[in-house]
Amino acid sequence: MSFIFVIIPFMKMTLMGTGTSHGVPVIACDCDVCKSTDPHNKRFRCSALLEHAGQSFLIDVGPDFRTQALRQNIKRLDAVFITHSHADHLHGIDDLRIFSHKNSTAMMKDSVIRNKYPETDGAGLSVYTSERTKNHIQSSFKYIFVNHDKGGGSPKLNLIAVDSYDASNPLILGKDSKIEVVPVPMLHGNHHTTGFVFSVRDSSEEKHSIVYLTDCHFISDESIQRVKIAGGQIEHLVIDALREREHSSHCNFLQAMEYAGRIGARHSWFTHITHDMGHPQIQDYINEHLGNFPELAEIVQRGGSISPAYDGLILEA
């Protein structure tokens with residue numbers, strides 16, 4: 001008689017998009033990567049879905065979100081995390097309507113429509129982001145936050161600033177089985193962005209984490225230390241790594257490897273990748289330069305990894 005044991009992960013993150021702001025393939029581009037039939041080279045704009053204990057959390061809502069949500073068969077969202085206000089991470093925000101609907105004043109005056117499409121109760125879908133990004137969302141998408149007399153509906157969003165949370169005071173989500181969330185301040189050119197450490201605790205109260213750090217070219221020593229303190233055992237690091245060449249507002253491959261070595265996750269993954277190099281070529285590049293990063297090389301020797309991410313990649317912690 002045989003037994004099948006199923007191990008249920010504490011936390012699962014699906015990378016729904018791993019491409020740069022253009023996506024890959026790039027419109028009107030005939031390069032080898034854009035014409036590639038390798039599915040690893042088909043990249044939507046960056047977004048991720050975090051699932052834990054029956055709850056679902058979205059990280060960034062770019063212009064590809066509708067297609068990503070349909071492909072991923074997302075049925076519910078309990079909260080959204082926004083890293084920053086650039087279009088490729090935010091401009092799918094209207095498609096959050098389906099998860100928390102706010103009806104227009106005109107619709108509410110009609111009893112038939114009001115009964116068929118009742119407004120969602122409560123303050124709305126929680127959206128966690130920095131105070132800077134919160135202000136940008138409120139000013140750039142004014143129609144969401146005002147009563148309007150015509151048209152259909154808009155997302156009902158409850159914008160919540162996360163700046164006051166840190167490793168000693170994490171944001172706690174959930175009731176019985178909780179996720180601890182710690183924001184990580186970063187720089188993206190002259191733009192401020194927010195990464196996130198998502199942690200759960202096992203039966204021994206040891207923390208296991210997934211760290212998501214996209215769109216950055218500089219992570220301070222203080223932010224690196226915050227990640228390490230907040231993360232406990234960091235199972236996965238997802239980090240911005242645009243291309244081989246340096247960029248003014250993104251990590252290149254070598255910068256991402258340097259940060260990955262310092263953070264020390266078991267598995268590190270490049271994201272926000274452009275079309276300069278195909279998926280297998282990026283892995284070859286990593287392997288070729290691994291010896292220049294002793295901390296990272298030691299992690300790989302112990303069974304860890306560092307690789308380019310791809311759309312649909314599932315990470316478990």
Side-chain angles (χ1 to χ4, degrees), residues 13 15 18-20 24 33 40-41 43 46 48 83 167 182-189 193-199 206-311 313-317:
M13 178 182 285
L15 300 184
T18 58
T20 187
V24 183
V33 174
H40 294 91
N41 290 330
R43 301 183 184 278
C46 281
T83 60
V182 173
V184 182
M186 305 182 297
L187 284 177
H188 175 35
T193 59
T194 305
F196 296 97
V197 180
F198 300 97
S199 305
E206 181 182 359
K207 284 197 291 187
H208 299 264
S209 302
I210 299 175
V211 179
Y212 192 85
L213 306 178
T214 191
D215 284 56
C216 60
H217 84 285
F218 175 75
I219 309 173
S220 69
D221 293 342
E222 292 78 10
S223 286
I224 293 287
Q225 189 65 11
R226 176 180 289 202
V227 169
K228 297 180 76 166
I229 293 173
Q233 175 56 61
I234 302 174
E235 305 293 347
H236 298 278
L237 165 67
V238 182
I239 187 165
D240 184 356
L242 182 72
R243 64 191 188 192
E244 177 185 359
R245 292 175 292 127
E246 290 188 0
H247 191 277
S248 61
S249 62
H250 290 277
C251 289
N252 66 3
F253 296 157
L254 295 182
Q255 289 170 305
M257 293 176 75
E258 193 269 334
Y259 283 130
R262 292 176 61 190
I263 290 170
R266 283 182 174 165
H267 304 282
S268 295
W269 305 93
F270 289 177
T271 194
H272 213 287
I273 298 168
T274 192
H275 63 148
D276 287 10
M277 196 179 294
H279 186 88
Q281 288 74 41
I282 299 172
Q283 186 65 66
D284 290 343
Y285 182 93
I286 291 171
N287 296 342
E288 179 184 348
H289 292 83
L290 186 60
N292 297 327
F293 303 94
E295 295 168 312
L296 204 53
E298 184 178 344
I299 290 170
V300 173
Q301 288 174 357
R302 295 199 306 263
S305 64
I306 176 164
S307 295
Y310 54 87
D311 290 17
L313 175 65
I314 295 175
L315 312 178
E316 297 177 353

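What you see is a predicted model; the values in this text were computed from it and never measured. In what follows, every heavy atom counts, from backbone to side chain, and hydrogens, waters and symmetry copies are set aside.
Electrostatic pairing of E222 and R226 does not count as a salt bridge here, judged by no charged N lying under 4.0 Å from a carboxylate O.
Nearest approach of I273 to A241, heavy atoms of both residues: CG1-O, 3.6 Å. The two residues A48 and L15 make their nearest non-hydrogen contact at CB-CD2, 4.0 Å. Here the closest non-hydrogen pair linking C46 and T214 is SG-OG1, 4.0 Å. Between D240 and C216 the shortest heavy-atom distance is OD2-N, 2.8 Å. The minimum heavy-atom distance between P183 and P185, with the atom names listed, is O-CD, 3.9 Å.
Between atom CD of residue Q301 and atom CD of residue E298 there is a gap of 7.0 Å, rounded to the nearest 0.5 Å. In this structure, the separation between CD1 on I239 and OH on Y212 is 12.0 Å, given to the nearest 0.5 Å. Atom OG of residue S249 and atom CZ of residue F218 lie 14.5 Å apart, to the nearest 0.5 angstrom. Residue C251 holds its SG atom at 10.0 Å from CG of D215, rounded to the nearest 0.5 Å.
Under the side-chain contact (heavy atoms from CB on, under 4.5 Å) criterion, H40 pairs with D38, H279, Y310, sequence neighbours left out. H188 meets the ring-ring contact (aromatic ring centres under 6.0 Å, His included) test with H84, H86, H250; sequence neighbours excluded. With sequence neighbours left out, H267 forms a side-chain contact (heavy atoms from CB on, under 4.5 Å) with H236, W269, S305. Evaluation of the side-chain contact (heavy atoms from CB on, under 4.5 Å) rule for A230 yields A167, V182, V197 as partners, not counting sequence neighbours.
Using a distance-only test at 3.5 Å, with no hydrogens or angles considered, no donor-acceptor pair links the side chain of T271 to the main chain of V238. Using modelled atom types, no side-chain atom of S209 and backbone atom of I234 make a donor-acceptor pair closer than 3.5 Å. The backbone N or O of L242 lies less than 3.5 Å from no partner atom in the side chain of T274, so there is not a single donor-acceptor pair.
Heavy atoms from other residues, nucleotides or ligands lying under 6.0 Å from CD of E206 number more than 12.
The salt bridge (Lys or Arg N to Asp or Glu O under 4.0 Å) analysis of residues 276-293, with sequence neighbours excluded, yields the pairs R245-D276.
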Evaluate F196 against I210 for side-chain contact (heavy atoms from CB on, under 4.5 Å), listing each step before the verdict. CA-CA 8 Å; F196 296 97; I210 299 175; over 6 Å; no
List the steps and the verdict of side-chain contact (heavy atoms from CB on, under 4.5 Å) for Q233 and R266. CA-CA 8 Å; Q233 175 56 61; R266 283 182 174 165; 3.2 Å; yes
Are D311 and T18 close enough, and set up right, to give a side-chain hydrogen bond (donor to acceptor under 3.5 Å, both in side chains), and what steps lead you there? CA-CA 6 Å; D311 290 17; T18 58; 2.7 Å; yes
Give the intermediate values and the outcome of side-chain hydrogen bond (donor to acceptor under 3.5 Å, both in side chains) for residues H208 and E235. CA-CA 6 Å; H208 299 264; E235 305 293 347; 2.8 Å; yes
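Considering only heavy atoms from C-beta on, M186 comes within 4.5 Å of L213 through its side chain. Residues I286 and P308 meet the side-chain proximity criterion, which asks for heavy atoms closer than 4.5 Å. Using a 4.5 Å heavy-atom cutoff, the side chains of L290 and V300 are in contact. The shortest side-chain heavy-atom distance between I306 and F270 falls under the 4.5 Å cut-off. The shortest distance between side-chain heavy atoms of T193 and L187 does not fall below 4.5 Å.
Ring centers of Y285 and H289: under 6.0 Å apart, within the cut-off.
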Under 3.5 Å, which donor-acceptor pairs link side chains of residues 252-263 to any protein atom two or more places apart or in another chain?
from: N252; atom 1: OD1; to: L254; atom 2: N; distance (Å): 3.3
from: N252; atom 1: OD1; to: Q255; atom 2: N; distance (Å): 2.8
from: N252; atom 1: ND2; to: E244; atom 2: O; distance (Å): 3.3
from: Q255; atom 1: OE1; to: N252; atom 2: N; distance (Å): 2.8
from: Y259; atom 1: OH; to: I219; atom 2: N; distance (Å): 3.0
from: R262; atom 1: NH2; to: D221; atom 2: OD1; distance (Å): 2.7

